[in-house]
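Here the structure comes first, spelled out in structure tokens, and everything after it is commentary.
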Amino acid sequence: MVAQQLQRRGIRDQRVLEAMATTPREAFVPGVPASLAYDDRALPIDAGQTISQPYMVARMTELLRVEPGDRILEIGTGSGYQAAVLAKLGAKVTSIERLPDLAEAARERLRGLGIDGVDVRVGDGSTGDPDGAPWDGIVVTAAAPAIPMALREQLDPDGGRLVIPVGDDVQELRLLTRRGGSFEERRLLPVRFVPLVAPPR
Ligand code: SAH
């Protein structure tokens with residue numbers, strides 16, 4: 001997976017490659033044969049949700065430029081795979097999942113694998129986690145119609161990064177970097193994620 005998919009498609013960050021090489025993806029896709037778990041595609045997890053293809057996890061992780069000790073917020077825990085990769089990089093991860101069953105399964109899976117450093121919480125992540133702000137990085141693994149203002153505001157003013165898929169049917173991955181009161185925005189590549197569900201207001 002690392003050589004054929006990630007390196008070949010341009011993932012260069014050695015620490016990210018190493019983190020992915022040492023995180024057993026098969027443990028995150030229950031019911032999927034181990035022979036398919038490392039394929040270059042998204043796979044179904046429970047509750048109609050999906051775990052992203054390995055390349056997308058690698059790319060999003062690389063964009064976050066995680067340093068050991070960084071405080072990272074993930075929105076959309078799903079299987080817990082992305083959170084596990086972030087924890088392998090030494091991040092202190094808070095991951096929010098709206099579906100309690102998925103959150104509990106992810107928690108147990110991470111515990112079983114001996115991966116600490118991930119705090120899985122049940123709730124709506126569309127407004128981030130202001131109590132934990134400022135965040136060194138925020139990664140959203142579901143697509144939002146627009147970049148939520150609350151997430152921008154929770155980024156560390158000194159270079160905080162937000163990686164988020166934006167759009168409905170047509171989506172693109174964006175990287176926002178905060179410097180003080182200004183935000184540099186890069187539009188990266190077309191993507192396809194399940195929707196970020198916002199509660200009715
Ligand atoms: N990062 C996951 C894949 C996420 S799939 C992994 O590595 O496996 C997207 C997840 O976002 C789903 O589990 C979905 O339930 C969750 N989700 C959608 N809207 C959400 C919201 N508003 N708050 C928290 N989680 C949300």
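In each ligand, atom 1 is the first atom listed, and ligand 1 is the first ligand listed.
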Worksheet item: Is M56 close to L189 at the side-chain level, that is, under 4.5 Å between some pair of heavy atoms?
Response: yes
Worksheet item: Transitively linked via ILVMFWY side-chain contacts under 4.5 Å: F183 with V163?
Response: no
Worksheet item: Which residue owns the protein heavy atom closest to atom 15 (O) of ligand 1, what's the atom, and how far is it?
Response: E97 OE2, 2.6 Å
Worksheet item: More than 12 non-hydrogen atoms from neighbouring residues, nucleotides or ligands closer than 6.0 Å to CZ on R9, yes or no?
Response: yes
Worksheet entry | ligand 1 to V197 polar contact by distance, N or O atoms, under 3.5 Å | yes
Discussion item. Could you see if V139 belongs to whatever hydrophobic cluster contains I147? Use Ile, Leu, Val, Met, Phe, Trp, Tyr and a side-chain cutoff under 4.5 Å.
Written reply: no
Worksheet item: Is ligand 1 less than 4.0 angstrom away from at least one heavy atom of A84?
Response: no
Worksheet item: Are any of the N or O atoms of S79 closer than 3.5 Å to those of ligand 1?
Response: yes
Fill in: Residues, nucleotides or ligands: over 12 heavy atoms within 6.0 Å of R192 CZ
no
Worksheet item: Any N or O of Q82 that comes nearer than 3.5 Å to an N or O of ligand 1?
Response: yes
Worksheet item: Going by the order shown, which atoms of ligand 1 are within less than 4.0 Å of some heavy atom of G123?
Response: 23 (N), 24 (C)
Worksheet item: Which atoms of ligand 1 sit under 4.0 Å from any heavy atom of G125?
Response: 21 (C), 22 (N), 23 (N), 24 (C)
Worksheet item: Atoms of ligand 1 less than 4.0 Å from Y81 heavy atoms?
Response: 7 (O)
Worksheet entry | N or O contact, G76 vs ligand 1, cut-off under 3.5 Å | yes
Worksheet item: In the single-linkage hydrophobic clustering (I, L, V, M, F, W, Y; side-chain heavy atoms under 4.5 Å), do L110 and I96 co-cluster?
Response: no
Worksheet, complete the sentence: Ranked by distance from atom 20 (C) of ligand 1, the top protein heavy atom is R98 CD, 3.4 Å
Worksheet item: Counting from 1, what ligand 1 atoms have a heavy atom of L99 closer than 4.0 Å?
Response: 15 (O)
Practice prompt. Indicate if L73 and V120 have the same hydrophobic cluster label, given that clusters are the connected sets of ILVMFWY residues with side-chain heavy-atom separations under 4.5 angstrom.
Written response: no
Item to complete: Would you mind reporting whether T94 and E74 have side-chain heavy atoms less than 4.5 Å apart?
Response: no
Worksheet item: Under 4.0 Å from any heavy atom of L102, which atoms of ligand 1 are there?
Response: 13 (O)
Discussion item. Please work out, at 4.0 Å between heavy atoms, whether the side chain, the backbone, both, or neither of A47 comes within that distance of ligand 1.
Written reply: neither
Worksheet item: I96 heavy atoms, cut-off 4.0 Å: which ligand 1 atoms fall inside?
Response: 24 (C), 25 (N)
Fill in: Linked, directly or transitively: V85 and I164 (ILVMFWY side chains, under 4.5 Å)
no
Worksheet item: Counting from 1, what ligand 1 atoms have a heavy atom of I51 closer than 4.0 Å?
Response: 8 (O)
Worksheet entry | Test item, V57 contacting ligand 1 (heavy atom, 4.0 angstrom) | no
Discussion item. A side-chain contact here means heavy atoms from C-beta on lying under 4.5 Å apart; do E97 and R121 qualify?
Written reply: no
Discussion item. Just to check, does S95 reach to within less than 4.0 Å of ligand 1 when the distance is taken from its heavy atoms?
Written reply: no
Discussion item. Would you say that L43 contacts S52 through its side chain, given a criterion of any heavy-atom pair below 4.5 Å between the two side chains?
Written reply: no
Worksheet item: Mind checking whether Y81 and M20 have side chains closer than 4.5 Å, heavy atoms only?
Response: yes
Worksheet entry | atom 12 (C) of ligand 1 - nearest protein heavy atom and its distance | Q49 OE1, 3.2 Å
Practice prompt. Any atoms of ligand 1 less than 4.0 Å from a non-hydrogen atom of T77? List them with their elements.
Written response: 1 (N), 2 (C), 6 (C), 8 (O)
Worksheet, complete the sentence: If you scan protein heavy atoms around atom 3 (C) of ligand 1, the nearest is T50 O, 3.3 Å
